[in-house]
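Protein chains get the first letters and strands the later ones, always in sequence-line order, with residue 1 at the start of each. Computed from a prediction, not measured in an experiment: that's the story for all the values here.
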Amino acid sequence: MEKLSAAQARRPEAIGQEAIVQGWIRTRRDSKTGFSFLELNDGSCFGNLQIIAPASLPNYETEVRRLTAGCSVRVEGLIKASPGKGQATEMEAQKIIILGWADPESYPLQKKQHSFEFLRTIAHLRGRTNTFGAIARVRNQLCRAIHDFFQQEGFLYIHTPIITASDCEGAGAMFQVTTLNLETPPRNEGGRVDYTQDFFGRPTYLTVSGQLEAETLACGLGKVYTFGPTFRAENSNTPRHLAEFWMVEPEMAFFELEDTMDLAERNLKYIFRHLLEKCPEDMEFFRQRIDPTVIDTLQQILESRFLRVSYTEAIDILLASGRSFEFPVSWGKDLQAEHERYLTEQHFQSPVILYNYPRTIKPFYMKLNDDGRTVRAMDVLVPKVGEIIGGSQREDRYDVLLERMKEQGLNIENYWWYLDLRRYGTVPHSGYGLGVERVLQFVTGMANIRDVIPFPRTPGNAEF
RNA sequence: UCCCCGAUAGCUCAGUUUGGUAGAGCAGGCGGCUGUUAACCGCCGGGUCCCAGGUUCGAGCCCUGGUCGGGGAGCCA
């Protein structure tokens, strides 16, 4: 007998087939006229497979009638058209084997809504809920869409290192990686820790971005992207930050900033279209239970062109808005969350690409404009979530880059290889970073980033 | 890291204003009813009121400190 997933068994084509399905019970409803309804979910799709368990089953009274949420079962039976509403098919069970009981007195999940705060404390079980099942499936399709998009665009998928010796990549505090004994580290004559005895013979860290390494490969292979975990040791406690998150970083030789904005727009639209096509049930769940606007918002975005607004124009818009912001607006200061929200949610009511930021608020690697005051940076801002893409054209002139590195106090010796890219056959090139969890938040409407990754890492929290 | 808010049954919460040692719904058990579908109806069991001090005849409630969680801010994706 063939094993079917719940997704397969729910399709009308399966009617008439004898099959085995396996999964976890969501709920049981007894009918006194000689059978029970079981809702079985195996994660293969949002919906449950309805099992009809007749009282004639030998273990009906002893076992089937004791099934509660969370129990795991194997069911053999016949898939039939369902006379009830709510599902096309159902399985009439011929045999039900209980694989594992779930004591209802202690099993934490019930057939009701739980708070996301509570579910976070049982992250090992929350994948069995509607919401986290839907997120896992959307996350999967999101990653697939990312790969499909870049492959179709002719990019090479490359792997950049997780462990890096760059002491600063312009993106915040880092986690140190060491095999030294922290209780009694070796010391040199000056009394400082002797890192020549560490595993790599020098201080090393978890990467905060694969960008610099991606640049080296782009300057030889053309269009590349890296996609992996990224680590930030910032003490950030917000619904939009994780200490460990996933990021896609395309890097393109011979791309100017305008090419990059176009790519970012195609990239996001490709993802949104893919998710609407591949996850209609899950997206409908998010629309009904999480945020009623998610589907409409994505569809509107697909039909419109992203606006491109320079930082200077954005400042003018904010100043002319007549709004009183908590943080005053002035040219040269970075935009605050409230400013970005005003632009995306009030003024434009759509995603916006801001570009040409003041040099003083951006990292060393961004290309200086001819005005000497701004750099070729671009951020894609979306309503509610804020920045989901940050990118730039990279500085490709050796002298200018060296000057900016000194300006920002970098240890030049660690970046000799990065400077070499400008010393030998330098080319204009650009890239950006796309935060996977931020995109997931945007498309699902989930308010807290800790609920779009299975095992969130945040300050003080590394359970599971 | 800063500023607010919160922690009461397995879960979601009320009770805090005005101190007098706890309630509802859901979940669970039992019974009823029904091709049901977050099923429905009745009964029952279930609490270290986050922790440690303090005030008081008496603290879930007031005070102090801590722990954990949430929201906002900064940093950023």
Side-chain angles (χ1 to χ4, degrees), chain A residues 26-40 47-54 65-66 68-70 80-87 90 92 102-122 129-130 169-173 208-211 229-249 288-289 325-327 334-338 340-341 361-363 379-382 385-391 432-442 447-453 458-461 463:
Chain A
R26 285 290 178 81
T27 182
R28 187 197 82 234
R29 295 180 294 274
D30 299 325
S31 172
K32 268 298 182 297
T33 56
F35 59 95
S36 293
F37 299 98
L38 301 174
E39 294 283 341
L40 180 136
N48 303 320
L49 179 64
Q50 178 162 280
I51 310 283
I52 307 301
R65 290 252 296 161
R66 288 171 50 219
T68 52
K80 306 168 80 170
S82 177
K85 288 172 187 165
Q87 61 279 319
E90 62 189 24
E92 189 172 275
D103 177 10
E105 294 290 344
S106 61
Y107 186 63
L109 290 173
Q110 298 167 6
K111 53 174 179 179
K112 55 167 284 192
Q113 280 200 327
H114 296 278
S115 68
F116 293 133
E117 291 83 359
F118 170 68
L119 291 174
R120 258 170 243 155
T121 68
I122 51 165
T129 64
N130 282 338
E169 290 164 336
V208 296
S209 163
Q211 178 197 317
T230 306
F231 308 89
R232 306 270 167 97
E234 301 287 353
N235 189 11
S236 294
N237 292 288
T238 85
R240 296 178 305 283
H241 290 85
L242 291 166
E244 177 182 297
F245 64 98
W246 287 70
M247 189 156 64
V248 189
E249 294 177 282
Q288 281 183 19
R289 295 299 183 90
F325 295 103
E326 187 187 344
F327 293 89
D334 208 353
L335 295 178
Q336 304 294 318
E338 57 172 341
E340 294 180 351
R341 292 188 72 128
I361 58 172
K362 289 291 180 184
D379 285 352
V380 180
L381 309 179
V382 295
V385 176
E387 183 182 346
I388 56 174
I389 286 181
Y432 58 82
L434 170 69
V436 167
E437 286 78 14
R438 294 264 176 96
V439 175
L440 265 173
Q441 277 192 279
F442 181 66
N448 197 309
I449 199 166
R450 291 161 201 185
D451 299 324
V452 297
I453 188 167
T458 53
N461 189 347
E463 187 73 52

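Residue contacts shown for L434(A) are absent, as no nucleic acid heavy atom lies under 4.0 Å away. Nucleic acid contact class of A69(A) (heavy atoms, under 4.0 Å, all strands): none. Nucleic acid contact class of H114(A) (heavy atoms, under 4.0 Å, all strands): sugar-phosphate only.
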Per-nucleotide protein contact string for nucleotides 41-46 of chain B (B base, S sugar-phosphate only, - none; heavy atom under 4.0 Å): ------
Whether each nucleotide of nucleotides 30-36 of chain B has a protein heavy atom under 4.0 Å at its base (B), only at its sugar-phosphate (S) or at neither (-) is summarised, 5' to 3', as ---BBBB
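Judged by distance alone with a 3.5 Å cut-off, a donor-acceptor contact links the side chain of S236(A) to the base of C75(B). Between the side chain of Q110(A) and the base of G28(B), no donor-acceptor pair of N or O atoms lies under 3.5 Å.
For F118(A), whose side chain is taken as the heavy atoms from C-beta onward, the closest listed nucleotide among G74(B), A77(B), C11(B) is C11(B). Nearest nucleotide to the R438(A) side chain, out of G29(B), C76(B), G74(B): C76(B).
When the P atom of G72(B) is taken as reference, atom NE2 of H241(A) falls 12 Å away, rounded to whole Å. Atom CZ in R28(A) sits roughly 13 Å away from atom C1' in A27(B) (whole-Å rounding). Rounded to an integer number of Å, the gap from I388(A) CD1 to A77(B) C1' is 10 Å. Rounded to an integer number of Å, the gap from CG of N235(A) to C1' of C76(B) is 14 Å. One atom, CG of L109(A), and another, C1' of G28(B), lie 15 Å apart when rounded to the nearest Å.
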Restricting both atoms to N or O, compile the protein contacts to nucleotides 50-52 of chain B shorter than 3.5 Å, with distance only.
none

Could you run down the sub-3.5 Å N/O contacts of the protein with nucleotides 66-71 of chain B?
from, atom 1, to, atom 2, distance (Å)
G70(B), OP1, R120(A), NH1, 2.3
G70(B), OP1, R450(A), NH1, 3.1
G70(B), OP2, R450(A), NH1, 2.9
G71(B), OP1, N448(A), ND2, 3.3

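For C5(B) and U21(B), the C1' atoms lie 27 Å apart once the distance is rounded to whole Å. One C1' atom belongs to U8(B), the other to G23(B), and the distance between them is 10 Å to the nearest Å. Annotation: U12(B) and G53(B) have their P atoms spaced 28 Å apart (nearest Å). The same atom, C1', is picked in G25(B) and in G15(B); the two are 15 Å apart, to the nearest Å. Separation of the C1' atoms belonging to G45(B) and G35(B) is 32 Å when rounded to the nearest angstrom. C63(B) and U56(B) are spaced 12 Å apart, taking the C1' atom of each and rounding to whole Å. Taking atom C1' on both nucleotides, C51(B) is separated from C43(B) by 38 Å, rounded to a whole Å. C13(B) and C30(B): their C1' atoms are spaced 27 Å apart (whole Å).
T27(A) has no side-chain polar atom (N or O) that falls below the 4.0 Å cut-off from OP1 or OP2 of U37(B). Side-chain nitrogen and oxygen atoms of R240(A) include at least one within less than 4.0 Å of the OP1 or OP2 phosphate oxygen of A73(B).
Every residue meeting the side-chain contact (heavy atoms from CB on, under 4.5 Å) condition with A233(A), not counting sequence neighbours, appears here in chain and number order: A173(A), F175(A).
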Under the 3.5 Å Watson-Crick or G-U criterion, the dot-bracket string of RNA chain B, with | for inter-strand pairs: (((((((..((((......[..)))).(((((.......))))).....(((((..]....))))))))))))....
